[in-house]
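Beneath this line is the structure, given in structure tokens, with notes to follow.
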Amino acid sequence: MGECNMLELKNLSFSVEENGKQKEILHDLNLSIDNSKFVVITGPNGSGKSTLAKLIMGIEKPTSGQILFDGEDITRLSITERAKRGISFAFQQPVRFKGIRVHDLLRLAAGKDISIAEACNYLSEVGLCARDYIEREINSSLSGGELKRIEIATLLARQTKLSVFDEPEAGIDLWSFQNLIRIFENMQKEIKDSSIIIISHQERILRIADEIVLLSGGTIKKQGSVEDILPELIGTTAAVDACEKLK
Amino acid sequence: MLGLDDISKMILNEVADITDEPDGAYNFRVNSQLAGRNTTENINIVSKENGSGIDIFIKPGTKGENLHIPVVINESGVKETVYNDFFIGDNCDVTIVAGCGIDNCGAHDSQHDGVHRFYVGKNSRIKYVEKHFGSGSGDGKRILNPVTEVYMEENGVMEMEMEQIKGVDSTNRMTIAELKAGAKLLIKERLMTHGEQTAVSGYKVSLNGEGSTADVVSRSVARDTSSQTFNACISGNAPCSGHTECDSIIMDSGKILAIPSLEANDVDAMLVHEAAIGKIAGDQLIKLMTLGLTEAEAEQQIINGFLS
Ligand SMILES: Nc1ncnc2c1ncn2[C@@H]1O[C@H](COP(=O)(O)OP(=O)(O)O)[C@@H](O)[C@H]1O
Ligand SMILES: [Mg+2]
């Protein structure tokens, strides 16, 4: 097979039961992602982006279709097994834990004991002053933006082949956009052949994609390079800045 | 150390982090007998004349000293009630480590009912750490029924950490506190029950002086078919502030009854209680599984954190 695709989604469908009726959220989706790619998935709210990410991580199981990772069929594998094979996922809404500290979470993410210095590196990368955060509990005392950054730091600590970020920019100040982009670029450089999937509405993130996937109504409407896709997107709701939307 | 057997040493380590003769004053009680005692210039320990326990006298102004008073039972069928009274002078700053471990390999119940009374002098700061632990494979039960009474003079501060994580079959604990003006009581309780264990924990805190404050925070986990009752009452009898929080995780077929109550007898008493009981949140498990942990490992991490 030579250069096989890292991730292949084949005829993937997902429906849920709502009030006794089947509601299809994703419909017959096909997508291949190569090694060393930076893919941005965009689309209107409710188009199924988060659901797609959860299917890749194994948090939801497809109603039909197949998921291959490095050529292996992982459709029936648990979250844990997929994590061990090298998939990681940053939640759109990070989870809070009473009593678990930032250092603990980074240690669990790294899968080994990491020194304070190493943990601090990951935090500095995401723009948090390590000294102030390393011993903090991941509870409701942290703001949404702080949680998002810690969530990204856990993926830095994991060092996996495939990282999926669900709207990582939400709640992060605009000034640190450049840093966020730099984090993704560094991740790809540091982990050989690794690919990143980012779910985002942000034009600045869309611009650095190798490939943009436009999801709408549970299917892929368009897929291609920045030059091919972005001009059509600009001005549609899929790629407006948050402040733009408020107008 | 003091010619103790291995099980006693293990228990001492578990309940009081003691691996060697501790620094400062101590009193070791093993199977209802005095197994070692040390007093210092500032901390005196005297056996009660009727043999029912000890009196501890801490001189005014004693600072930076530790007192260890662990209790070990490793014979089956021991049943005892012990009264320990602490007379703490003004302006002290002392750490007291108590704790009781029962190892019961026999068929008879072993039971320790410890009554601790603290008389805390003006401006004194006391840190009190108490751990309870049970082990051993016998059918006899390990039973601990501690009663703790705290009487605080003006501006005293008492910080209490009470932990019972493993192996105690039945516990019925009661903590009573009365606070004068400016006194402050902080209680942190950690409780886990498993198997068929039962635990009852009650608090009655009376804020009697102006500016007194109390914060009672309990975190507990009930697994298997164990059951727990948490009953905390704070009375505000002066301008004061009080807060109780009972936060519990329930697993398997565990049962928890939380009855926080507040009683305000002064218009400037500010009292708050919070109580929450629920199973481990699914998204917490999922998050840790995405880091490569199995579901069981994730559960363990969440509980360890919650009880830390
Ligand atoms: N478990 C579920 N049960 C019912 N509806 C769901 C479930 N998961 C997702 N949905 C619905 O599917 C649609 C897509 O959701 P989501 O994937 O979160 O969209 P996006 O991330 O693109 O905003 C939404 O209408 C959402 O309400
Ligand atoms: Mg979403």
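What you see is a predicted model; the values in this text were computed from it and never measured. Here is how names work: the chains are called A, B, and so on, in the same order as the sequence lines, proteins then strands, and each is numbered from 1.
In this structure, A:Q66 places its CD atom where more than 12 heavy-atom neighbours from other residues, nucleotides or ligands lie under 6.0 Å away. Annotation: B:M270, atom CE; neighbour count of heavy atoms from other residues, nucleotides and ligands within 6.0 Å does not exceed 12. The neighbour count for B:R125 CZ, taken as heavy atoms of other residues, nucleotides or ligands under 6.0 Å away, does not exceed 12. More than 12 heavy atoms of other residues, nucleotides or ligands shown are found within 6.0 angstrom of CZ on A:R182. Under a cut-off of 6.0 angstrom, the local environment of NZ in B:K279 is sparse, with at most 12 non-hydrogen atoms contributed by other residues, nucleotides or ligands. Open room surrounds CD on B:E196; 12 or fewer heavy atoms of other groups in view lie less than 6.0 Å from it. Within 6.0 Å of atom NZ in B:K204, more than 12 heavy atoms from other residues, nucleotides or ligands are found, so the atom counts as buried in its surroundings. Enclosure of atom CG in B:D23 is not indicated, since only 12 or fewer non-hydrogen atoms of other residues, nucleotides or ligands lie within 6.0 angstrom.
Heavy atoms closer than 4.5 Å to chain A are found in the side chain of B:D247, but not in its backbone. Of the two parts of B:Q301, the backbone and the side chain both hold a non-hydrogen atom closer than 4.5 Å to a non-hydrogen atom of chain A. Only the backbone of A:R96 comes within contact range of chain B, with at least one heavy atom under 4.5 Å from a heavy atom of that chain. Using a 4.5 Å cut-off between heavy atoms, B:T290 contacts chain A through both its backbone and its side chain.
The two residues B:Q284 and A:F97 make their nearest non-hydrogen contact at CB-CE2, 3.4 Å. Closest approach of B:L291 and A:A83 over heavy atoms only: C-CB, 4.2 Å.
For the pair A:K98/B:R219, a side-chain contact is recorded, criterion being any heavy-atom separation below 4.5 Å from C-beta on. Taking the side chain as every heavy atom from C-beta outward, B:F306 and A:I100 never approach each other to under 4.5 Å.
Once rounded to the nearest 0.5 Å, the distance linking CZ of A:F89 with CE of B:M289 reads 14.0 Å.
For the set A:I59, A:N139, A:L108, A:T154, the count of heavy-atom pairs under 4.5 angstrom toward chain B peaks at A:L108. Counting heavy-atom pairs closer than 4.5 Å to chain B, the top residue among A:I87, A:L155, A:I79, A:L105 is A:I79.
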